Amino acid sequence: MSKKTLIPIGPYHPLQEEPELFKLYCDGEIVKDIKWETGYNHRGIEKLSESKTYEQVFFLVERICGICSNSHPFAFANAVEEIANIEITNRTKYIRSIIAELERIHSHLLWVGLAGHFLGYNTVFMWAWKYREPTLDLFEMITGNRNSYGMFKVGGVRRDIEESKIPVIQNVLDDIKKKTDLLAGAVMDDPVIHARTKGVGILTLQDVIDYGAVGPTARASGLEIDVRKDDPYAAYPLVNWKVITAQAGDVFAKAEVRLLEMYESISIIEQCLAGLKKEKEGDIEVKVREIPEGIGNGRAEAPRGEVFHFVMSDGSTSPVRHKIRAPSYVNIATFRKSCIGQTIADATISLAAVDPCYCCTERMAVAYDIHSGKKILNAEELISISVKRTREIKDSD
Amino acid sequence: MGFKSYCFKKSLWVFHFGGASCNNCDIEILDCLTPRHDLERFGILLVGSIRHADVLLVNGIINHHDKERLIEIYNQAPKPILVVAIGACGCTGGLFTESYTFAGPVDKVIPVNAYVPGCPPKPEAIIAGIVKLVNNS
Ligand code: SF4
């Protein structure tokens, strides 16, 4: 076997905003093996969630990931509402879906920008982020914050979208549509982008099935998978839209899927706005007295794929177990297929193509030392750490 | 004019350290550099190495995994360096103070010159924070 060179990327690297470490084992220009290390971002959210009330958990799950700060509460709300068997009002459904789709637009624009940045095409980066700003303004108008919206609660949403705001939203949507046309034109017709992304980082249909990939990563390889269609929730069964897929499975196809999805999102929002007009203003929550004992599964389609929350309740005010699975967790594993055999320059864009989000992925798992076969961290140890920490906090007060 | 204010009078170069954060603060920091706010007009530039930086922006809580790395990065920084803690997480730990991985807000680990609270702080707030810091140093 020839000698391999190790090229580390990260953990604090100008290319990435989040801390994570990739180790590319290269032979000359070609990547032969890839390993990644996370843990720089672990905050113990599942454990924290058990110490918070249901109302508080929404603010916690929102802060799992800033870009998906709507998808996590959405999935959590779905799970809790399944336990308590709550039927939400139509107005709530529309508002939830509007926020979710606005988030998809801003997230996809963000990705297009970052992908441009990874390719060394900073013009696209600057453009995409400029056109993303109006979406954030909309969020600020509707929810009061540019990110981390705080919109969800069990059985409803916290703020209404009043009649007077609808024309403003519509105006911004029209604007975004024009800008998306422009971006799509710039990206889809640019020979340089074609040369850099076509045939790069290919995932075949079989690969995405084997790795269990979700979201645009899977859809770009021709797998029609979308929670909004497969397990309809909120307003998605009430509006008309279609799942976008592409066949090639390369980076270009992923960009194409994301850009086309933005048009779908705009159309969903427009239909939801029309639906809002038919419902009574202010009808945005149902009273919830208690969360009974039981288990609930909540799913939601985040911009990156399926978010899954499992919640177990014993009838008290906080969950006894809360399990979270974010889409990047499964998507990241496809790196082994898409990056190995590529040149180093292409590997970076293949890494970026699944739109990985590490703060979502940082879940705790029990690890085994391969050499001794010993558990590195088991449940008791975790509990003892947690107890020790609680004591420390108590003492410091 | 003191040595410090002389150092920080012109083009500040910024290094960004994302601790255990939720990504929002990171994105708002990047947002400062994109066309709407465009900090590069003032010579403020995001650099790839701490060895070139005048300002170290830290956001997110610091967990046990990050702690030694942050200290290492701080030690590598050319002095004087301005350290800015961004966001509720960076300033106090915010929502995550009770977490088992929490190793302290930024100022427990390295000395901090300025705090920009908010979750996430708006880009305007980040810019205002840096301007205040430069004026006062
Ligand atoms: S302060 Fe808020 S937005 Fe910033 S990293 Fe912490 S949780 Fe995220």
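As the structure is a computational prediction, the values presented were derived from the model and not from experiment. First the proteins, then the strands, lettered A, B, ... as listed; each starts at 1. Heavy-atom basis, side chains included; hydrogens, waters and symmetry copies ignored.
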Proximity breakdown for [X] and chain A, heavy-atom pairs closer than 4.5 Å:
X: B:Asp66; value: both
X: B:Leu33; value: backbone
X: B:Cys119; value: both
X: B:Ile61; value: side chain

Which answer fits [X], side chain, backbone, both or neither, if we ask what part of it has an atom under 4.5 Å from a heavy atom of chain B?
X: A:Leu60; result: both
X: A:Glu140; result: side chain
X: A:Arg63; result: both

Counting heavy-atom pairs under 4.5 Å with chain A, which one of [options] comes out on top?
options: B:Ile50, B:Ile62, B:Ile27, B:Asp38; result: B:Ile27
options: B:Ser21, B:Pro120, B:Gly60; result: B:Ser21
options: B:Leu95, B:Asn63, B:Thr34; result: B:Asn63

Any side-chain donor paired with an acceptor under 3.5 Å for A:Glu50 and A:Ser318?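 Absent: no donor and acceptor within the cut-off.
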
Distance-only side-chain donor-acceptor flag, B:His65 / A:Asn41, under 3.5 Å: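 Per modelled atom types, B:His65 and A:Asn41 side chains form no pair under 3.5 Å.
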
Quick one: do [X] and [Y] make a salt bridge, cutoff under 4.0 Å?
X: B:Asp31; Y: A:Lys130; answer: no
X: B:Glu72; Y: B:Lys67; answer: no
X: A:Glu46; Y: A:Lys323; answer: yes
X: A:Lys179; Y: A:Glu133; answer: no

For A:Phe118 versus A:Ile349, what's the shortest heavy-atom pair and its separation?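 Here A:Phe118 and A:Ile349 meet closest at CB-CD1, 4.1 Å.
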
